[in-house]
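Quick note: numbers below take in every heavy atom, side chains included, and nothing from hydrogens, waters or symmetry partners. Labels below follow one simple rule: chain letters A, B, ... track the order of the sequence lines, proteins then strands, and each chain is numbered from 1.
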Amino acid sequence: MMEYQFRDIEKKWQQRWKDSKAYKVSNQSNRPKYYVLDMFPYPSGAGLHVGHPLGYIASDIFSRFKRLQGFNVLHPMGYDAFGLPAEQYAIEHGIHPAISTDNNINNFRRQLDNIGFCFDWHREIRTSDAGYYKWTQWIFLQLFHAYYDRSERRARPISQLVEAFEKSGNVSHPLPNAQYPVQSFTAEEWNSFKEKERQDLLMEYRLAYCGTGEVNWCEALGTVLANDEVVNGVSERGGHPVVKKKLRQWYLRITAYADRLLEGLDKVEFSDAMKEMQTNWIGRSEGAEVNFAVGSEELAVYTTRPDTIFGVDFMVLAPEHELVQQITTDEQRSAVENYLDYVNSRSERERMAEKKISGVFTGAYAINPFSEKKIPVWISEYVLAGYGTGAIMGVPCGDQRDHAFARHFSIPITNIIGQYYNGEEANPTKEAILENSGFLDGMVMKDAMPFIINKIEEKGIGKRKVNFKMRDAAFSRQRYWGEPFPIKWVDGIANPLKESELPLELPHVDTYKPGPEGEGPLANIPSWVEQELETNTMPGYAGSSWYFLRYMDPHNDQEFCNRAVSDYWNQVDLYIGGTEHAVGHLLYSRMWTKALFDLGHIGFEEPFRRLLNQGMIQGSSRFVYRIAGKNEFVSYGLKDQYDTQAIHVDVNMVDGVELDLEQFKKWRGGEYAQAGFILENGKYLCGVETEKMSKSKFNTVNPDDLVQKYGADTFRMYEMFLGPVEVSKPWDTKGIEGVHRFLKKLWRLFYDEQKGKQWTDSPATDAEKKILHKTIKKIGEDTERFSFNTCVSAFMICVNELSELKCYKKEILEPLLVLLTPYAPHIAEELYSALNGNSDQSVLDASFPALQENYIKETSKAYPVAINGKTRTELTIELSASQQEVEELLLKDAVVQKWLDGKAPKKIIYVKNKMINVVV
RNA sequence: GCCCGGGUGGCGGAAUUGGUAGACGCAGCAGACUCAAAAUCUGCCGUUCGCAAGGAUGUGCUGGUUCGAUUCCAGUCCCGGGCACCA
């Protein structure tokens, strides 16, 4: 074999690696462990396009790299197999989700195998397998049987809470929900409660709990819709009206973990952008809750700026606030009622989107507890019932929204910050010296903050308070294709199934239509309903919140994951995936990990030690230009001479920008078979635009086609060569040929097309060793920092230089193949095997070559010489040269003399190993 | 509106700590080999002035710091992403 026959080579080694179980990983090893994980895919029916494998290639390279460095590397793959699209497909086509999901998975697997990944498929998991979701249900029960102990800041078994209640009531365990009708009880009271009362109370503490929540109910479709299926208050499909409907819903008490989720960010290596997104989502704010008297009622407001309390000019309640009815005066009642009607007529989305200021005065006045000033109480839709206390104090001089509100309704503005307020717009400064602020006068705002909070607490009219924007996570879906809850409802009490009753298998159904009253399809199954089983199913993120643990011990039918095994593999060392899961999946899995840690099931509390976000590969669309009203197309360069309409064409019919006219005429069943063309230089050239890659834009490129045409190794390297993994960049099929040429050139270092084998055992020269070791250094460093694109360049430079020197020496070529293995494993193994007389030693288990610095050490350097900062010439000088020696050499140089023009240099800057600059 | 990223040749990108801007590749141009094509090889390739040697200019824009700025600072424009009345 003299030519690079990549198809045969790749097929051969993929089969051999499979036969020798080359990627099977053991849980026992003397080697240090390394865990590389990809965000597992939802197996959609559309299959992979070139954008999907980007992260998988990066993780594959890194896994293989770590293996060469002597690590025991866990690199598994599986499928997030429950989900809405399969159910939707089932409704439309009558095919059971289990079947369509299975088909999709088979197609995914075939496409992945094509690319030559080193996944340990013995550990494959599917979240929809009963053997998997048995443990998802089990973890749900762990959460159900646990509460969050706020003083110890950790989850504990709920049985311990019951013991505490029996002994001393709930004095040291206040209810998480301040709105619950019973707030405190004694041991005697607890012991006298009926079972239902006790269970209702315990439900208020559980980490997985049931409550009432609002869902988007669409009467016409008879189903509940996700937020993104609702557009402008109507359903995305069909445009039917959507209303809020209250339903029984499961929740996860993620808010209990808010502060730990925040603190945990300091212990992980995520990008700053990612940490910031999570921080914003959690939305921690510090402030105070303050009570204002309104007649005989008390109105609590939450504020982050208690230091501005003397600047309060009005109050605003959310329209839903419970005090609204009680405090509204008779004169204002009809105005308030009108406003409430207006608010009720609006969807949540409309209210969110509204920029116009609206509101109405209730007629009531609150009393400022410090200044005794009377403050008008308003209602407005910009105040949200769900955040803080649902009421705010309006400080116009310090808050832009309050300012706009005061202006709009002509409420007089009190200035407490002197010249910091210009009368035109609010200033949220904390640096101003307070005025018009009673006993706070003269204090700097940020100093007044702790002072006034203490005063508030002393006076007993409020307290210091930390608030979070994050809400508890809704954990029910009124759907079929998800994990059933291991819960039976008897007399209104949620009864958990016993561990021995798991898994509670998802029953087969013949129809996926929603159940009555917004319930899920399970409510249509008489046998299910007779057993009083919960009819909701779990959401998509249930299975994905803990899957990284199951990979460690995927076949264990006694435990979700053996503790010794999870102690060995521990955290995921490198997690690779897209930013779209920034807040959802990552926060949920972090919370589950913390809960499992608290309950003693695992030994670490952050699942992912390091996170790498891959960018998107954008589509590069091609356009043809049809002359208006004619079946005639004009080439890109001439289109401005006509009135044209741009039409997307399939990028796979275009070579660079040149359209294949024959293919185009056959496209879309011959729609353009009779079309005419106006060409430039005999070619039809297309327009180009970068857009999201999608079928509808005809700009998707299938990796299968590229692997078929150029081979998996070329494809892998080209995906990396496009640019840094973390950033988004457009796809350009044309460029792949450059990488393919590189591999062919590499091949020719080993085989000559005429002469055949041409490697030799002759000893390498220093120049050749220098090329090799320079490459070892570059590949080692750049792979470690995920700079895969510059690695590909470094390989190209190396092969170019070795070709130039006609270096065919095994001493150089063999280590080069090891370096290349993570990037292009097939060709590396083929040549490595040939080099070693087809021995059984696989390049996959070779050792990463050791860098010998002495071969790359330079003794002299060609220094750039700048005159006044502008590079004028180059001067080769020994690295050991002193300042004085350099100056002497410099002044002798003809170019330097020319620029000095007889003048003496003012200063000569010589930075060793960098540059020389002469200041004249 | 707020918060993050990012603007470098015709294109993707490189320049790791302030030190030769444009590595590597694509596209393009010229040439060699060939009956021809493919494959391969060689040279050129930011803009501009110049026959050349060489010079000027150049990393979105305007300033600043520095012997020296793609890199640091201030302002500004544009693009991408996230959040969106969070008190």
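- Of all nucleotides listed (B:rC67, B:rA14, B:rA87), B:rA87 comes nearest to the side chain of A:T304.
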For a quick check, with a 4.0 angstrom heavy-atom cut-off, what is the B/S/- contact string for nucleotides 20-35 of chain B, read 5' to 3'? BS-BBSSS--------

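- Across all strands shown, A:A866 has no heavy atoms under 4.0 Å from either base or sugar-phosphate atoms.
- Listed by chain and residue number, A:F314, A:P396, A:I411, A:I413 satisfy the side-chain contact (heavy atoms from CB on, under 4.5 Å) test with A:A406 (two or more places apart in sequence, or in another chain).
- Contact of the A:M693 side chain with the A:V50 side chain is registered, since non-hydrogen atoms from C-beta on lie closer than 4.5 Å.
- In this structure A:F623 satisfies the ring-ring contact (aromatic ring centres under 6.0 Å, His included) test together with A:H648, sequence neighbours excluded.
- Residue pairs meeting the salt bridge (Lys or Arg N to Asp or Glu O under 4.0 Å) criterion with at least one partner in residues 714-726 of chain A, sequence neighbours excluded, are A:D60-A:R716.
- Listed by first then second residue, pairs satisfying salt bridge (Lys or Arg N to Asp or Glu O under 4.0 Å) with a partner in residues 907-920 of chain A number zero, not counting sequence neighbours.
- Within the structure, side-chain hydrogen bond (donor to acceptor under 3.5 Å, both in side chains) pairs that include any residue of residues 304-317 of chain A comprise A:R305-A:D307, A:D313-A:K373, A:D313-A:T414 (at least two apart or interchain).
- Residue pairs meeting the salt bridge (Lys or Arg N to Asp or Glu O under 4.0 Å) criterion with at least one partner in residues 789-801 of chain A, sequence neighbours excluded, are A:K774-A:E801.
- Rounded to whole Å, the C1' atom of B:rG58 lies 23 Å from the corresponding atom of B:rA74.
- A:D399 pairs by the side-chain hydrogen bond (donor to acceptor under 3.5 Å, both in side chains) definition with nothing, not counting sequence neighbours.
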Between the protein and nucleotides 55-58 of chain B, list every N/O to N/O distance that falls short of 3.5 Å.
| residue | atom | partner | partner atom | Å |
| --- | --- | --- | --- | --- |
| B:rA56 | OP1 | A:R872 | NH2 | 3.3 |
| B:rA56 | OP2 | A:R872 | NH1 | 2.9 |

